[in-house]
Visitor: 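Handing you a structure now.
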Amino acid sequence: MEGGFHGSSDGSAFKQCFSLAWKNPYVLRLAFSAGIGGLLFGYDTGVISGALLYIRDDFKAVDESTVLQETIVSMAIGGAIIGAAMGGWMNDRYGRRTVILIADLLFFIGAVVMAASPAPSLLIVGRVLVGLGVGMASMTSPLYISEASPSRIRGALVSTNGFLITGGQFLSYLINLAFTKAPGPWRWMLGVAGIPALLQFILMFLLPESPRWLYRKGRSEEAERILRKIYSENEVEAEIRDLKESVEAEIKEKESCERVSLMKILRTKTVRRGLYAGVGLQIFQQFVGINTVMYYSPSIVQLAGFASNETALLLSLVTAGLNALGSIVSIYFIDRTGRKKLLVFSLFGVIVSLGVLSAVFHETTSHSPLVSSGASPLKAYTCPDYTFASNAASWDCMKCLKASSPDCGFCASEANKLFPGECLVANETVKHLCHNGNSLWYTRGCPSRFGWLALIGLALYIIFFSPGMGTVPWIVNSEIYPLRYRGVCGGIAATANWVSNLIVAQSFLSLTQAIGPSWTFLIFGLISVVALMFVLICVPETKGLPIEEIEQMLENRALHFKVAVIASATVYLAGGVESGLVGGLGVNRLRGWTGPPLRRHWDSVLRSS
């Protein structure tokens with residue numbers, strides 16, 4: 001998702017983190033309290049996937065309009081774009097702690113408004129309020145943790161914010177599942193978010209402001225008092241001195257430097273090329289379809305042929321769990337394999353997974369059960385479009401679900417859902433009559449023997465996406481820009497991510513309705529191929545490099561298409577070949593280039609290309 005880490009750390013940093021937390025629980029209290037913002041971020045972006053199933057059941061207008069469904073989902077993203085834009089200015093003006101408190105108020109008010117919504121319009125208002133809080137929390141929580149953490153474990157503590165984002169998404173699926181039998185389930189699902197928001201408000205109200213922000217505002221005594229609680233006696237004086245020098249240098253640079261403008265960024269070759277890579281990664285992170293899975297996974301599961309809301313939520317829990325697990329895997333591999341290799345591996349897997357999903361949904365839609373023409377106790381409720389159709393004998397489940405005057409559903413035998421079923425008018429009365437006859441009721445997807453393959457495709461997609469495309473774009477954006485431009489360029493890249501997220505969330509259901517899920521996933525697969533080419537050509541390897549070397553690499557970098565890179569990448573991931581042809585390098589034979597020799601060649605290609 002959109003989430004992701006804004007830094008990296010290895011296993012030793014986590015050992016130090018736990019060791020220090022045992023000796024100084026105050027540090028853990030600071031990180032955990034601010035990290036609840038990440039939990040809320042994850043929860044509020046994930047909970048809507050399950051809640052939407054029941055919102056459609058309660059509001060007929062929502063059930064009949066995919067655009068309204070997409071709006072309910074995406075308005076939180078629209079709010080997040082505004083919240084993130086406001087958050088940068090508010091962080092500098094009012095402080096990190098104050099912004100987190102404001103975000104908590106927005107979370108709480110938004111949760112109450114959504115839970116009490118009598119109509120879709122007020123529900124959308126609540127989603128916008130929650131989105132404002134998400135946007136502020138997404139940038140402020142990791143910033144507060146970073147500035148209030150000991151430097152040697154800062155990466156590990158900031159990474160806990162990423163854990164809490166994916167953990168919040170996983171928790172949202174558990175909460176969704178827990179309230180499926182409650183009256184008005186979606187109200188509970190959305191309203192529960194108010195509890196952690198209130199908890200964080202209380203905890204943060206009792207905690208101090210970021211020491212770095214206090215120093216910048218001339219409140220040095222307060223800052224030093226906080227630092228003495230964070231650092232041991234033999235470390236604190238050096239840390240106070242370093243902080244003072246850092247802030248003074250930052251203020252001096254700000255006074256002496258001219259204002260950074262977008263035109264200046266675009267005229268500076270190294271920054272411009274870095275911005276191409278950073279913004280491109282953030283856009284492709286969304287356009288390969290991750291948040292269609294995170295926002296709509298229960299709906300996707302229903303499209304694959306699982307009729308029950310409870311079953312769809314239970315199976316969707318797998319994707320949320322794998323997403324959280326992938327975040328942990330990323331931390332282990334990011335500094336061992338490098339950023340670019342992880343991206344390449346991730347995108348290869350994503351392309352294969354989307355190919356599987358496209359093929360499965362093609363089979364599901366083209367081999368759906370036929371509509372039975374025999375007598376039935378529910379004959380009086382037969383879909384009018386089917387009754388008056390000249391080609392009624394050829395009707396199957398998919399044709400039945402596309403009927404629109406009125407909407408119709410498919411009633412399938414529970415004994416064998418692949419047998420011919422009945423095409424009936426879709427309303428609550430008919431739904432209950434179908435269930436009472438020991439049958440399954442379908443309105444969003446058809447029974448299929450391929451449903452489990454769709455779940456495997458979704459699982460593979462998350463397994464490959466999360467460790468690479470899920471986290472690496474954020475890390476590359478934190479490393480690729482010169483220090484002076486990092487804030488502005490990072491903001492541009494983050495905004496590109498949120499806007500792309502909004503476009504995908506607002507269009508997915510409309511696409512599946514217009515061209516079908518098979519073609520929709522095929523489009524995401526083709527975009528993933530373009531993303532892979534982009535990574536191979538435009539993204540440098542930044543692992544372990546100081547900013548000066550990254551700038552030099554971008555300065556000398558030739559951004560043009562290299563067939564050799566793509567061919568070498570394929571060979572590299574295959575583990576070596578006996579022979580081959582690599583165009584552009586003039587190498588006609590690779591016989592014997594297996595294992596480490598080929599990998600060393602690929603490393604050099606990645607670094608130079």
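Worth knowing before you read on, the calculation uses all heavy atoms, side chains too, and leaves out hydrogens, waters and symmetry mates.
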Visitor: Kindly indicate whether the side chain of Phe284, heavy atoms from C-beta on, has any atom under 4.5 Å from the side chain of Met469.
Guide: yes

Visitor: How long is the straight-line distance from CZ of Phe201 back to CG of Leu206, given to the nearest 0.5 Å?
Guide: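 Going from CG on Leu206 over to CZ on Phe201, the span is 10.0 Å.
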
Visitor: Is a donor from one side chain sitting under 3.5 angstrom from an acceptor on the other, for Thr140 and Asn91?
Guide: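 Yes, Asn91 and Thr140 have a side-chain donor paired with an acceptor closer than 3.5 Å.
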
Visitor: Is Thr292 reaching over with its side chain to a backbone N or O of Gly289, donor-acceptor style, under 3.5 angstrom?
Guide: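 Checking the backbone N and O of Gly289 against the side chain of Thr292, a donor-acceptor pair under 3.5 Å is found.
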
Visitor: Please enumerate all residues that pass side chain to side chain contact (heavy atoms under 4.5 Å, CB included) together with Leu460, with sequence neighbours excluded.
Guide: Ser353, Ile456, Phe464

Visitor: Only counting residues at least two apart or in another chain, list the ones meeting ring pair (Phe, Tyr, Trp, His ring centres under 6.0 Å) with Phe108.
Guide: none

Visitor: Tell me, please, which residues at least two apart from Phe524 pass ring pair (Phe, Tyr, Trp, His ring centres under 6.0 Å).
Guide: none

Visitor: Suppose we screen for side-chain hydrogen bond (donor to acceptor under 3.5 Å, both in side chains). Which residues come up paired with Ser74, at least two apart in sequence or across chains?
Guide: Gln506

Visitor: Taking all heavy atoms of Trp213 and all of Asp92, pick out the closest pair and write down the distance.
Guide: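 Closest approach of Trp213 to Asp92: NE1-O, 3.1 Å.
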
Visitor: Apply side chain to side chain contact (heavy atoms under 4.5 Å, CB included) to the pair Thr98 and Glu209, showing each step before the final yes or no.
Guide: CA-CA 8 Å; Thr98 303; Glu209 182 52 83; 4.2 Å; yes

Visitor: Going from CG on Leu502 to CG on Asn291, what distance comes out if it is rounded to the nearest 0.5 angstrom?
Guide: 11.0 Å

Visitor: Taking the side chain as every heavy atom from C-beta outward, state whether Phe465 and Leu347 have any pair of such atoms under 4.5 Å apart.
Guide: no

Visitor: Any idea which heavy atoms bring Leu281 and Phe534 closest together, and the distance?
Guide: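 Scanning both residues completely, I find the closest heavy atoms to be N-CE2, 3.8 Å.
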
Visitor: For residues 72-94, pull every pair meeting ring pair (Phe, Tyr, Trp, His ring centres under 6.0 Å), keeping only residues two or more places apart or in separate chains.
Guide: Trp89-Tyr94

Visitor: Measuring only between side-chain heavy atoms, which start at C-beta, is Ile492 closer than 4.5 Å to Val279?
Guide: yes

Visitor: Please assess Tyr296 against Glu70 for the test side chain to side chain contact (heavy atoms under 4.5 Å, CB included), listing each intermediate value before the final yes or no.
Guide: CA-CA 10 Å; Tyr296 298 112; Glu70 290 166 336; 3.7 Å; yes

Visitor: Among residues two or more places apart or on two chains, list those pairs meeting ring pair (Phe, Tyr, Trp, His ring centres under 6.0 Å) that have a residue in residues 176-199.
Guide: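 The answer is Phe59-Trp186, Phe179-Trp188.
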
Visitor: Using side-chain hydrogen bond (donor to acceptor under 3.5 Å, both in side chains) as the criterion, list what pairs up with Arg187, not counting sequence neighbours.
Guide: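 With sequence neighbours excluded, Arg187 shows a side-chain hydrogen bond (donor to acceptor under 3.5 Å, both in side chains) to no residue whatsoever.
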
Visitor: Val73 and Arg127: which non-hydrogen atoms are nearest, and at how many Å?
Guide: O-NH2, 3.1 Å

Visitor: Kindly indicate whether the side chain of Ile145, heavy atoms from C-beta on, has any atom under 4.5 Å from the side chain of Leu30.
Guide: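 A side-chain contact under 4.5 Å is absent here.
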
Visitor: Just to verify, what does Leu199 make a side chain to side chain contact (heavy atoms under 4.5 Å, CB included) with, not counting sequence neighbours?
Guide: Ile36, Leu203

Visitor: Would you check if the side chain of Gln200 reaches a backbone N or O of Ser33 as a donor-acceptor pair within less than 3.5 Å?
Guide: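 Checked: pair present.
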
Visitor: Give the C-alpha distance, both sets of side-chain angles, the deciding distance and a yes or no for side-chain hydrogen bond (donor to acceptor under 3.5 Å, both in side chains) between Asn323 and Thr166.
Guide: CA-CA 7 Å; Asn323 190 39; Thr166 53; 5.7 Å; no

Visitor: Show the nearest heavy-atom pair for residues Ile77 and Ala505, with the distance to one decimal.
Guide: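 Heavy-atom minimum between the residues: CD1-CB, 3.5 Å.
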
Visitor: Are Leu458 and Val318 close enough that some pair of their side-chain heavy atoms sits under 4.5 Å apart?
Guide: no

Visitor: Would you compute the distance between atom CZ of Arg219 and atom CD1 of Ile226 and round it to the nearest 0.5 angstrom?
Guide: 8.5 Å

Visitor: Could you please spell out the steps behind the side chain to side chain contact (heavy atoms under 4.5 Å, CB included) verdict for Arg97 and Phe205?
Guide: CA-CA 8 Å; Arg97 173 176 167 269; Phe205 189 78; 4.2 Å; yes

Visitor: Just wondering, do Tyr461 and Val288 contact through their side chains at under 4.5 Å, heavy atoms?
Guide: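 Yes, close enough: below the 4.5 Å cut-off.
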
Visitor: Residues two or more places apart in sequence or in another chain: which of them pass salt bridge (Lys or Arg N to Asp or Glu O under 4.0 Å) with Arg225?
Guide: none

Visitor: Report the residues that fulfil side-chain hydrogen bond (donor to acceptor under 3.5 Å, both in side chains) with Arg96, sequence neighbours left out, ordered by chain and then residue number.
Guide: Glu147

Visitor: Quick one: pull up CD in Gln302 and CZ in Arg56 and give me the separation to the nearest 0.5 Å.
Guide: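 Nearest 0.5 Å value for the CD-CZ distance: 5.5 Å.
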
Visitor: If I take atom CG from residue Leu129 and atom CD1 from residue Ile109, how far apart are they, to the nearest 0.5 angstrom?
Guide: 7.0 Å

Visitor: Less than 4.5 Å apart, any side-chain heavy atom of Ser346 and any of Val472?
Guide: no

Visitor: Distance alone, cut at 3.5 Å: any donor-acceptor contact between the side chains of Gln285 and Asn501?
Guide: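 No pair is found: no donor N or O on one side chain lies under 3.5 Å from an acceptor on the other.
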
Visitor: Closest approach of Val130 and Ala111, non-hydrogen atoms and distance?
Guide: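 Taking every non-hydrogen atom into account, CG2-N, 4.0 Å.
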
Visitor: Taking it one step at a time, do Val47 and Leu171 satisfy side chain to side chain contact (heavy atoms under 4.5 Å, CB included)?
Guide: CA-CA 9 Å; Val47 71; Leu171 177 65; over 6 Å; no

Visitor: Ignoring hydrogens and angles, tell me if any N or O in the side chain of Gln69 forms a donor-acceptor pair with the backbone of Val62 under 3.5 Å.
Guide: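 Yes.
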
Visitor: Side chains of Ser466 and Leu322: closer than 4.5 Å at any heavy-atom pair?
Guide: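 Ser466 does not reach Leu322 side chain to side chain.
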
Visitor: Glu310: what forms a side chain to side chain contact (heavy atoms under 4.5 Å, CB included) with it, not counting sequence neighbours?
Guide: Tyr54, Thr180, Lys181, Ser308

Visitor: Output the distance between atom CG (Leu122) and atom CE (Met114), rounded to the nearest 0.5 Å.
Guide: 10.5 Å

Visitor: Minimum heavy-atom separation for Val301 and Ala312, please, with both atom names.
Guide: CG1-CA, 3.8 Å

Visitor: Applying side-chain hydrogen bond (donor to acceptor under 3.5 Å, both in side chains), name anything that partners Ser49, two or more places apart in sequence or on another chain.
Guide: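 side-chain hydrogen bond (donor to acceptor under 3.5 Å, both in side chains) list for Ser49, sorted by chain: Tyr173.
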
